[in-house]
Amino acid sequence: MSAKRQKVIRRVYEEGRETTVKPVKKHSVQKKKNLLSPVPKKLPPVNPVKKVKPSSKVKIKIFDNRSIEKVLSKRKLVYKNTRIDRLKLPEVTGKRIKPAEVFTRKESAIGEIAVPGVVERVTPTPPKMTLSPEEQRNLFIDSHELPKSYDHTYISLLIKDPYCIFAHWETSERSVSGVRAKYGEQAFSSARKIIRMNDVTLIDYNGENANSYFDIDVGPFSTSWYINLWCDNISYIGEIGYVFQDGRFESLAKSNIVYLPRMGYSPRTEQIWMKVTDRLFTPPFVFLDETSKAGSDGRSHTEGSVGYHQDNTGGTGAFESRHEETGTRREIRHSIDEKDIVLRYEKSFDTAKKDKQVTGRRRIYYLTDEDIRQYYAKLTPLLRDVLAARLAKMKAARPGYELGIAGDSALYRMWLFGFLPAGSFIRRMIRTGSSEVMMLLGGSEQLVSSFASGGSENISAVKIKQRTFFFELNTELIVYGRTEPDADVWMGSTKVPLRPDGTFSMRFALPDGRIPLEFTAESRDKEEKRVINTYVARNTHYGNP
Amino acid sequence: MYKGYLCLTLHAHLPYVRHPEEEYFLEENWLYEAMTETYIPLINAFENLVRDKVDFRITMSMTPTLCSMLQDPLLQSRYLRHLNKLIELAEKELHRTGFQPEFHGVALMYHRRLTESKAIFRKYNYDLVQAFKRFQNMGYIEIITCGATHGFLPLLNVNPASVRAQIFIGAEHYTKTFGRPPKGIWLPECGYFPGLDKVLKEAGIRYFFADSHGVLNSDPVPRNSVYAPIYCPSGVAAFGRDWESSKQVWSSKEGYPGDANYREYYKDIGFELDYDYIKPYIHPSGLRVNTGFKYWRITGNSHYKEAYMPDNAKNKAAEHAGNFMFNREKQIEHLISRMSRKPIIVAPYDAELFGHWWFEGPLWIEFLARKIYHDQNIVKMITPSEYLTEYPVNQVCQPSASSWGYQGYNDFWVNCSNDWIYKHLEICGKRMAEAANKYAKYLNKKGNSLYKRALNQAGRELVLSEASDWAFIMKTGTMVPYAHKRTKVHLNRFNKLYSDITNGTVDKEWLTKVEYLDNIFHSIDTAKYYLDKKKFNIRKPAKAGRVKKKKLKTKEKVNV
């Protein structure tokens with residue numbers, strides 16, 4: 001290629017100015033085609049007089065990246081700059097050009113194998129890109145070397161290890177000639193180009209207040225240096241410049257500040273502690289939440305938060321996670337205590353503060369369909385079946401709804417449950433799960449009346465029909481013990497009064513759940529101490545025997 | 001009951017190698033080998049554990065480049081083609097080893113594995129990321145993100161905008177892929193420098209992993225050394241690697257993978273068999289490559305190798321899993337005497353170690369999870385976020401700059417073989433920040449203007465050239481011309497885009513083609529992360545200004 005074209009190419013690439021470049025000559029394009037694609041059946045007409053030397057015979061090479069590199073390294077690339085008027089504003093198109101539309105679609109041969117019997121077609125087949133060799137070269141532009149200089153005076157430091165810094169710099173012609181002009185030729189000829197490394201540990205460097213510095217002679221031709229140091233855990237700023245015979249230093253550029261890492265233990269041993277709590281509304285925590293106002297918007301978070309949600313969109317996310325009590329073997333909880341839900345429900349009435357809602361002892365749940373089913377299975381069968389029947393009738397009256405789930409499964413019932421009006425008493429009662437109350441109120445009769453009136457919002461409007469047959473059961477707990485009359489006995493942290501003969505007895509209510517009883521007895525002179533721990537558990541089950 | 005925790009972390013990363021312009025690209029084999037030998041066997045192991053109701057926790061870091069490649073339709077179809085060819089080769093191998101009893105069993109094993117791999121690949125709709133996502137949603141594994149293209153951050157810190165872009169693009173890609181923001185990050189090569197935690201906090205990341213000396217040399221000295229996380233002053237937690245557990249697996253002398261019964265990596269039929277026989281299954285140019293069919297076991301340090309016996313290897317893997325668990329038990333029992341809380345042993349490994357380099361690796365992980373769940377109650381597997389939930393109070397220390405590369409600092413990525421790239425990366429990084437700030441108004445408009453596309457593509461090219469893999473390859477000397485080529489190509493394309501944007505001469509056709517070739521992060525606006533912090537949400541102040549003006553007018557009217 002001619003020297004003129006080389007100049008042009010360099011100008012185009014290095015200075016970034018747009019220049020019209022002469023298009024590539026035709027015969028050279030043909031040659032490239034012959035090399036990089038299969039030989040066409042009909043060769044283009046060639047001057048028959050020309051003798052083809054055996055060395056210039058066309059070789060068909062297999063198309064892979066190594067052969068491309070070889071070929072391309074022999075040729076220089078040419079940018080085809082299409083002229084765009086600078087005054088024209090860039091177009092703002094709403095449409096995005098899909099790459100697939102630009103190229104021709106070919107039936108992809110991917111998946112077809114010569115061996116019979118195993119033919120695999122993959123859909124969708126991606127479009128095969130057809131690029132002419134010239135276009136490929138334009139895109140690859142890898143035989144083009146990276147620019148040797150960016151015409152910019154700078155110095156930059158990088159840490160290699162605690163005792164070594166890598167410095168790289170460039171001083172443009174302009175800066176050097178500026179120094180030469182300022183100090184004169186004579187002084188400049190005896191000046192040395194140096195890097196001045198300023199130790200700036202723990203100070204704000206303003207150009208003069210370095211702790212210390214040292215110089216490295218780098219000479220006029222090098223552009224990088226590995227600087228070995230003797231001390232770790234310090235910081236440096238480097239300056240590239242010239243130092244003259246009389247000691248003056250002319251700095252051309254200043255580097256970034258680098259902090260060498262420490263190579264050993266820190267001498268400080270004080271302990272500072274910090275608490276960082278998670279944002280609990282983001283995954284992996286499932287947040288079983290109720291709406292703060294009963295029946296406000298009808299969308300209960302409970303129903304939104306159970307089940308399989310693969311993609312969490314932030315906020316009260318819903319997907320499964322595991323939680324284990326600290327110190328116990330990890331068990332998958334398959335039931336949710338009604339008490340907890342009541343607790344949370346009540347709490348959500350009290351405060352709108354989110355953090356209070358999660359100070360309960362369980363804020364992470366593992367919920368599956370099974371959990372939901374079992375929870376609803378805890379309801380009285382009477383209520384559940386009647387409810388399902390009523391809802392089915394209600395649904396049948398509105399033929400618009402599609403039934404995706406068929407049958408008598410618990411899931412079906414749960415789905416039907418969604419059709420209840422949000423603020424209905426039934427919904428609240430079911431959610432709070434106080435099956436006791438339902439029993440007292442006499443489930444089925446009450447339901448019939450409520451549905452007949454189209455679902456009632458107001459509890460007081462519903463007639464409570466008392467039944468003649470009733471059955472109640474309750475329990476109380478008596479704990480008694482004895483010790484020396486002058487001893488102290490505590491239950492937990494409250495002191496228990498003793499009778500004169502050293503006995504004591506306590507009686508309290510025994511609700512559902514587990515009540516721990518931890519008693520401590522201490523002798524008068526505080527010498528001896530005895531501890532007895534026990535617990536009582538009550539678990540009520542209402543239902544068919 | 002449980003006295004301590006084990007946090008097993010697998011770092012899965014591959015550089016972005018996708019060349020639609022060529023049918024058979026040699027370096028794409030890295031992806032196919034990793035998929036066949038590591039990712040699919042790991043998914044298989046997880047499925048088995050879930051089926052057998054074994055509770056386990058593994059932390060996996062999946063880099064954005066790897067996820068993009070796994071979800072790319074072109075590479076998925078190419079992988080299927082590769083897999084079909086391997087199955088075909090497996091059938092041929094069965095015929096060939098028909099009269100060699102010592103090899104026939106191994107050939108049967110490969111055939112079964114490959115057909116099962118294909119079934120798993122199909123099952124997840126050719127997208128392995130969905131498999132890992134499914135396990136994360138079930139709660140068994142926690143997936144953490146990484147830098148956008150695994151750029152080595154301490155050396156990119158000369159331009160803070162580049163560091164921000166790497167982390168924010170990685171976080172955004174993770175959010176789009178997995179449907180939730182990332183909780184943790186695997187810093188590329190564990191490269192940390194003081195000040196990086198502030199960027200992580202801005203991105204909303206809770207914790208990262210650092211090498212042991214990064215945590216041990218922190219200021220002030222951590223009370224619990226690496227066995228509890230430390231908070232950087234900004235509140236982001238740092239988990240330090242445990243040296244003992246790493247040595248047991250990584251060490252070339254004493255580590256598990258060097259055992260005599262395990263499969264030998266270097267004797268592959270792609271190099272040993274007849275050229276004519278193996279020709280369809282190696283590179284079309286005739287270059288011999290690994291096929292994955294290896295019939296020998298390590299046997300010893302010499303060249304003499306004996307036939308591989310899968311059952312012996314499996315038993316050995318079980319033995320080693322038991323040994324690892326036993327060592328962790330003893331370690332924890334020793335630690336609790338000195339700590340007032342339960343220690344966490346962080347054991348991070350490259351995912352490619354399990355399966356690709358160490359063939360029985362995924363088996364070992366499965367055995368380990370089973371044994372930990374069933375056979376003892378001292379160690380429990382845990383993910384870092386669960387540990388932070390249990391212990392939200394931790395010591396505040398500033399970790400020291402470090403990495404997990406050779407010699408512990410930045411030695412591997414800046415030395416005589418690859419120091420020339422940093423001049424270009426630094427200047428191109430400055431250019432990108434400058435261009436983004438200058439043309440910020442294009443970035444904030446909706447839609448796809450030409451300049452917005454050009455800026456975003458420039459961001460992608462820059463981020464691709466910043467990958468630490470190229471510097472790594474240049475140092476190890478494995479495929480150096482390829483690394484050179486990738487660095488040059490991306491920087492050249494970036495420079496052309498930069499000059500086009502500043503001169504106002506963006507070539508639409510050329511841009512479209514480059515977008516097709518380098519289509520990583522195609523749905524993410526990469527350029528906006530290079531903006532200055534103040535300009536980050538440039539739209540909002542403008543709107544606020546407008547509203548204020550209106551208010552003033554009404555007031556004036558009232559006054560008048």
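Computed from heavy atoms alone, side chains included, the values below leave out hydrogens, waters and symmetry copies. None of the values given here were measured: they were computed from a predicted structure. Letters A, B, ... mirror the listed sequences (proteins, then strands); counts begin at 1.
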Original post:
How many angstroms lie between atom SG of B:C397 and atom CD of A:Q271, to the nearest 0.5 angstrom?
Top reply: 8.5 Å
Subject >> Closest non-hydrogen atom pair between B:V221 and A:S266, with its separation >> reply: CG2-O, 3.0 Å
Subject >> Interface moiety of B:W420 toward chain A, non-hydrogen atoms closer than 4.5 Å >> reply: side chain
Original post:
Quick check: are there more than 12 heavy atoms from other residues, nucleotides or ligands sitting under 6.0 Å from NZ of B:K430?
Top reply: yes
**OP:** Let me know if A:N256 has heavy atoms under 4.5 Å from chain B in its side chain, its backbone, both or neither.
**Re:** side chain
Subject >> A:Y265 atom OH, over 12 foreign heavy atoms within 6.0 Å >> reply: no
Original post:
Got A:V276 and B:P392 here, is their nearest side-chain heavy-atom distance under 4.5 Å?
Top reply: no
Original post:
After noting the C-alpha distance and the side-chain angles of A:Y154 and B:E426, does the key distance pass the side-chain contact (heavy atoms from CB on, under 4.5 Å) rule?
Top reply: CA-CA 11 Å; A:Y154 75 95; B:E426 186 190 321; 4.1 Å; yes
Original post:
Is there side-chain contact between A:P147 and B:N495, with at least one heavy-atom pair below 4.5 Å?
Top reply: yes
**OP:** Could you tell me whether the side chain of A:D161 and the main chain of B:Y409 form a donor-acceptor pair under 3.5 Å?
**Re:** no
**OP:** Begin from the C-alpha positions of A:Y226 and B:D419 and carry the test side-chain hydrogen bond (donor to acceptor under 3.5 Å, both in side chains) through to its verdict.
**Re:** CA-CA 10 Å; A:Y226 285 93; B:D419 53 18; 2.6 Å; yes
Original post:
Which atom pair, heavy atoms only, marks the closest approach of A:S156 to B:V158?
Top reply: OG-CG1, 3.6 Å
**OP:** Output all residues satisfying side chain to side chain donor-acceptor pair (under 3.5 Å) with A:S255, sequence neighbours left out; order by chain, then residue number.
**Re:** none
**OP:** Hey, could you give me the CG/OG distance between A:N233 and B:S400, rounded to the nearest 0.5 Å?
**Re:** 8.5 Å
Original post:
Any idea which heavy atoms bring B:N217 and A:R262 closest together, and the distance?
Top reply: O-NH1, 2.6 Å
Original post:
Contact part of A:F166 toward chain B, heavy-atom cut-off under 4.5 Å: side chain, backbone, both or neither?
Top reply: side chain
Original post:
Out of B:V393, B:T383, B:I230, which one racks up the most heavy-atom pairs below 4.5 Å with chain A?
Top reply: B:V393
**OP:** Check whether B:P233 gets within reach of chain A through its side chain, its backbone, both or neither, counting any heavy atom under 4.5 Å.
**Re:** backbone
Original post:
Closest heavy-atom contact between B:A401 and A:P261?
Top reply: O-CB, 3.5 Å
Original post:
Quick one: are B:V396 and A:W273 in side-chain contact, heavy atoms under 4.5 Å?
Top reply: no
Original post:
So, A:R268 side chain and B:D219 main chain: donor-acceptor pair closer than 3.5 Å or not?
Top reply: no
Original post:
At their closest point, which heavy atom of B:V414 faces which heavy atom of A:I159, and how far apart are they?
Top reply: CG1-O, 3.9 Å
**OP:** Can you sort out the partners of B:Q395 under side chain to side chain donor-acceptor pair (under 3.5 Å), two or more places apart, ordered by chain and number?
**Re:** none
Subject >> Toward chain A, the part of B:S218 with a non-hydrogen atom under 4.5 Å >> reply: backbone
Original post:
Short question: side chain of B:K423, backbone of A:K148 - any donor-acceptor pair under 3.5 Å?
Top reply: yes
Original post:
Checking heavy atoms, do the side chain of B:Y422, its backbone, both or neither come under 4.5 Å from chain A?
Top reply: both
Original post:
Does CG belonging to A:L202 count more than 12 external heavy atoms closer than 6.0 Å?
Top reply: no
Original post:
Contact part of B:L155 toward chain A, heavy-atom cut-off under 4.5 Å: side chain, backbone, both or neither?
Top reply: both
**OP:** Taking the side chain as every heavy atom from C-beta outward, state whether A:Y150 and B:R431 have any atom pair closer than 4.5 Å.
**Re:** yes
Subject >> Non-hydrogen side-chain atoms of B:N492 and A:L146 separated by less than 4.5 Å >> reply: yes
